[in-house]
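This chain uses plain numbering: 1 for the first residue, then up along the sequence. These figures come from a predicted structure and were not determined experimentally.
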Amino acid sequence: MQEEEEYYDAPLSKGQSILRATIAVLLLLPLSITLVYALALQLYHALPATTANSSFWLSEPIYFTLLGASTFLALIIAQFATPILVYLYVLGHELTHALTALCCFGKVSTVNVDIDGGYIETDKDNIVIALAPYFVPLWLMVWILLVIGLYLFLPRESIDPWFFGGCGFLWSFHIYWTIWVIPREQPDLLENGILFSLLFVVIMNILILIGILRFFNFITFSGYWQDFKTCAAQLLDTLTWLISLCTG
């Protein structure tokens, strides 16, 4: 699958590339490390969402989420329904571009989707529009909204297994195809510098995952912020030690 984006501009100038690389190394890289470290601490101390006396990792939501993720991986390994999965990914990718452009008050004149790739034509271009498909799990968000609607009409107990299973399947879908497509010289990434774009995508994926986990009451924002500050202080101490070691 090779994707073409009609809004793709000329590559960055040398000065712009150096600036983006500097921001990536000095700001985005430490930030991404701290975000991941703090999230790991939060998950280590996480509480189950539904069963007060069981551990987080043995709770039913995690079980069905992992079951959904395993189902997706089984489909990939068996190469079953791959054309359908690829088409759904391309469709979601281009729709995310288009919806993000509309949210940025741009106009979308064309959305083209094919199993071999796709593109949109829009009069608006910025880093969020270019990189949104790599961190916005569109189909997962559609699934969450759909099931929230079903909760109004059906017992929650009968829906929850399918809900969490679908979340695991669609989050794995998002992560797998994002990782799969990144090495294929995507114009979206080249437009803003490879290193800068990759770290930006990592940070945004982590932030969205934090939001999803908070939505399910697996973590708290206050607890995450405390862990984030702790991890940031530890990273700063480590960097200070390394600098003193190199200069001393």
Q. Taking the inter-plane angle between the rings of W143 and F163 on a 0 to 90° scale, is it parallel (under 30°), tilted (30 to 60°) or perpendicular (over 60°)?
A. tilted

(Q) Angle between ring planes, F173 versus W177, binned at 30° and 60°: parallel, tilted or perpendicular? (A) perpendicular

Name each donor-acceptor pair under 3.5 Å that joins a side chain in residues 71-78 to protein atoms two or more places apart or in another chain, with its distance.
from: T71; atom 1: OG1; to: L67; atom 2: O; distance (Å): 2.8

Distance check, rounded to the nearest 0.5 Å: [X] atom [atom1] versus [Y] atom [atom2]?
| X | Y | atom1 | atom2 | answer |
| --- | --- | --- | --- | --- |
| L66 | F164 | CG | CZ | 12.0 Å |
| C231 | L236 | SG | CG | 12.5 Å |
| E121 | K107 | CD | NZ | 14.5 Å |
| N205 | W171 | CG | CH2 | 5.0 Å |
| L39 | L207 | CG | CG | 10.0 Å |
| I120 | L95 | CD1 | CG | 9.5 Å |

Q: Kindly determine whether H174 and T178 satisfy side-chain contact (heavy atoms from CB on, under 4.5 Å), including the steps that lead there.
A: CA-CA 6 Å; H174 166 69; T178 298; 3.6 Å; yes

Residue pair [X] / [Y]: nearest heavy atoms and the distance that separates them:
| X | Y | result |
| --- | --- | --- |
| S32 | V202 | CB-CG1, 4.2 Å |
| G92 | L138 | O-CD2, 3.7 Å |
| I144 | C167 | CG1-SG, 4.3 Å |
| W162 | S158 | CD1-O, 3.6 Å |
| V90 | I115 | CG2-O, 4.4 Å |
| R156 | Y151 | CG-CE2, 3.6 Å |

Would you check if [X] and [Y] make a side-chain contact, meaning some heavy-atom pair closer than 4.5 Å?
| X | Y | result |
| --- | --- | --- |
| T122 | S109 | no |
| P61 | D160 | no |
| Y176 | V181 | no |
| M204 | Y134 | no |
| P133 | H97 | yes |
| I129 | K124 | yes |
| L199 | L27 | no |
| F221 | R214 | yes |

(Q) Under the criterion side-chain contact (heavy atoms from CB on, under 4.5 Å), I'd like the reasoning laid out for F196 against I127: C-alpha separation, chi angles, the key distance, then a yes or no. (A) CA-CA 10 Å; F196 183 92; I127 188 171; 3.1 Å; yes

**Q.** Partner residues of T82 under the side-chain contact (heavy atoms from CB on, under 4.5 Å) criterion, sequence neighbours left out
**A.** Q79, V86

Q) For F105, which residues count as a side-chain contact (heavy atoms from CB on, under 4.5 Å) partner, sequence neighbours excluded? A) none

Same cluster or not: are [X] and [Y] linked, directly or through other Ile, Leu, Val, Met, Phe, Trp or Tyr residues, by side-chain heavy atoms under 4.5 angstrom apart?
| X | Y | result |
| --- | --- | --- |
| L209 | I179 | yes |
| I18 | L195 | no |
| F80 | I84 | yes |

**Q.** Derivation and outcome, side-chain contact (heavy atoms from CB on, under 4.5 Å), residues L213 and L43
**A.** CA-CA 9 Å; L213 291 172; L43 291 178; 3.8 Å; yes

**Q.** Worked verdict on F135 versus F200 for side-chain contact (heavy atoms from CB on, under 4.5 Å)
**A.** CA-CA 9 Å; F135 61 80; F200 184 86; 3.8 Å; yes

Q | Between Y119 and D114, a side-chain donor and acceptor under 3.5 Å | A | no

